[in-house]
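First the proteins, then the strands, lettered A, B, ... as listed; each starts at 1. Given the structure is predicted, the values throughout are model-derived calculations rather than measurements.
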There are 2 protein chains.
Amino acid sequence: MPRGFGHGGPWWHTRFRGAGFRITVPRQAILEVLSKTQKHLSAEDVYMAVHRICPTVGLTTVYRTLELLVDMGLVFKFDFGDGRARYELALGPKGERHHHHLVCTNCGRVIDYTEFIDDEIELLQQTEKGLSKKYNFDITHHLIQFYGLCDKCKGR
Amino acid sequence: MPRGFGHGGPWWHTRFRGAGFRITVPRQAILEVLSKTQKHLSAEDVYMAVHRICPTVGLTTVYRTLELLVDMGLVFKFDFGDGRARYELALGPKGERHHHHLVCTNCGRVIDYTEFIDDEIELLQQTEKGLSKKYNFDITHHLIQFYGLCDKCKGR
DNA sequence: CTCCTTATTGAAAATGGTTTCCATTATCAA
DNA sequence: TTGATAATGGAAACCATTTTCAATAAGGAG
Ligand SMILES: [Mn+2]
Ligand SMILES: [Mn+2]
Ligand SMILES: [Zn+2]
Ligand SMILES: [Zn+2]
């Protein structure tokens with residue numbers, strides 16, 4: 001378990017204490033799992049991975065913790081259309097990691113992309129401004145996903 | 001019931017016959033319901049509305065028909081995060097009606113918007129082209145949703 | 001360090017939207 | 001009109017997620 005920098009433990013300890021949440025074994029294990037992958041894990045995926053570190057952690061706790069992390073803004077929750085929610089750490093060790101998704105409608109593969117984000121962001125901010133004004137809406141975030149067939153699935 | 005043009009019945013009859021699907025009472029009722037609203041109906045919403053026209057239609061048939069219509073491209077299926085799928089006719093009587101959504105994370109209200117679509121579409125096509133090339137992906141469609149608080153919900 | 005409050009946990013049961021089963025019905029080509 | 005079979009509907013199954021509740025453990029007070 002990578003402890004590490006500063007003196008108080010991992011970076012998110014401060015967030016937890018600040019919000020009055022306890023730092024528990026299950027929570028540490030779940031965050032460890034999330035921080036060690038680039039994949040978009042389902043609750044069950046997280047559960048199975050956590051199980052290897054700490055077999056006593058229950059699926060219920062995984063769901064609860066993921067919800068907490070989403071509420072805290074530490075984790076993003078996505079729906080790629082396969083009937084289960086997917087989770088992903090919001091910020092990597094290198095800071096923010098905003099990106100959008102490319103989803104294969106055949107095999108379910110999900111690709112993160114960031115290369116066109118800059119242009120998109122610019123347009124999005126314009127659009128958000130226009131929409132906010134017109135509909136008197138406070139926009140907090142957006143979702144952009146492209147659907148289609150990945151290279152492996154397009155051949156047939 | 002808007003019958004209408006040509007001689008064979010509503011516009012979608014041709015699509016059905018062409019695909020070898022039968023034109024049944026439940027299917028007619030469901031399409032009638034969908035074509036008479038601008039809302040984003042859940043399967044249960046459709047079921048209840050259909051029930052008024054034709055009380056014998058079952059919820060199972062509603063689900064089956066909606067799936068069929070989605071597969072045929074006549075209906076769009078969305079997930080606005082409230083745990084149930086939402087359906088919307090893909091094309092109104094005036095033809096295509098592509099639009100994106102503004103979703104209130106507090107009350108669940110969904111607003112269609114089309115006014116910034118043109119700029120978005122242009123950027124999206126660029127992005128799609130770039131992504132297709134880079135990831136060798138065949139992009140068929142996209143999803144764009146803005147989340148936030150609607151005017152009624154932002155006051156507090 | 002020990003105690004105490006109570007946030008957190010895990011197992012089991014409940015929930016709720018959606019799908020599957022299957023015997024019955026109704027569409028439509030011949 | 002008739003027959004093959006696509007379509008239907010009610011009940012049961014499915015399955016991701018949530019709720020319940022008694023047991024546990026985090027962490028501040030002393
Ligand atoms: Mn991602
Ligand atoms: Mn819409
Ligand atoms: Zn694929
Ligand atoms: Zn609202």
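- Protein chain A contacts DNA chain D over a range whose 5' and 3' limits, counting nucleotides with an atom under 4.0 angstrom from a non-hydrogen atom, are dA16(D) to dG27(D).
- Heavy-atom distances to DNA chain C give each of F21(B) and K77(B) a nearest nucleotide, and the one nearer the 5′ end belongs to K77(B).
- Comparing the axis of the opening five pairs of the helix from dC1(C)-dG30(D) to dA30(C)-dT1(D) with that of the closing five pairs yields an angle of 40°, rounded to 10°.
- Between W12(B) and L91(B) there is no side-chain heavy-atom pair separated by less than 4.5 Å.
- When all heavy atoms of Q38(A) and D112(A) are compared, the pair lying nearest together is O-OD2, 4.3 Å.
- Taking the six-membered ring for Trp and the full ring otherwise, H40(A) and F80(A) have centroids separated by under 6.0 Å.
- Here the CG atom belonging to L143(B) is positioned 9.0 Å from the CG atom belonging to D79(A), to the nearest 0.5 angstrom.
- Separating the CG atom in L124(B) from the CD1 atom in I139(B) is a distance of 9.5 Å, to the nearest 0.5 Å.
- Remark: side-chain polar atoms of T105(B) are not paired, donor with acceptor, to backbone N or O of Y147(B) under 3.5 angstrom.
- Rounded to whole Å, atom P of dT8(C) lies 6 Å from atom CZ of R22(A).
- Remark: the E120(B) side chain and the H100(B) side chain contain an N/O donor-acceptor pair separated by less than 3.5 Å.
- Salt bridge present: D45(A) and R86(A) bring a charged side-chain N and a carboxylate O closer than 4.0 Å.
- For the pair D71(B) and K77(B), the salt-bridge criterion is not met [side-chain N within less than 4.0 Å of a carboxylate O].
- For E128(A), the side chain to side chain donor-acceptor pair (under 3.5 Å) partners two or more places apart in sequence, or in a different chain, are H142(A).
- For the salt bridge (Lys or Arg N to Asp or Glu O under 4.0 Å) test, no residue two or more places apart in sequence or in another chain qualifies with D119(B).
- We find that R84(A) and E44(A) are not joined by a salt bridge, their nearest charged nitrogen and carboxylate oxygen being 4.0 Å or further apart.
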Test H99(A) against Y113(A) for ring-ring contact (aromatic ring centres under 6.0 Å, His included), laying out the working first. CA-CA 6 Å; H99(A) 61 270; Y113(A) 73 88; 8.3 Å; no
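- Among the protein residues, R84(A) comes within range of the sugar-phosphate backbone only, with heavy atoms under 4.0 Å from sugar or phosphate atoms but none that close to a base.
- Residues from residues 37-50 of chain B lying near DNA chain D, meaning a heavy-atom separation below 4.0 Å, are absent.
- Contacts with DNA chain D (heavy atom under 4.0 Å) in residues 59-74 of chain A: T60(A), Y63(A), R64(A), listed by number.
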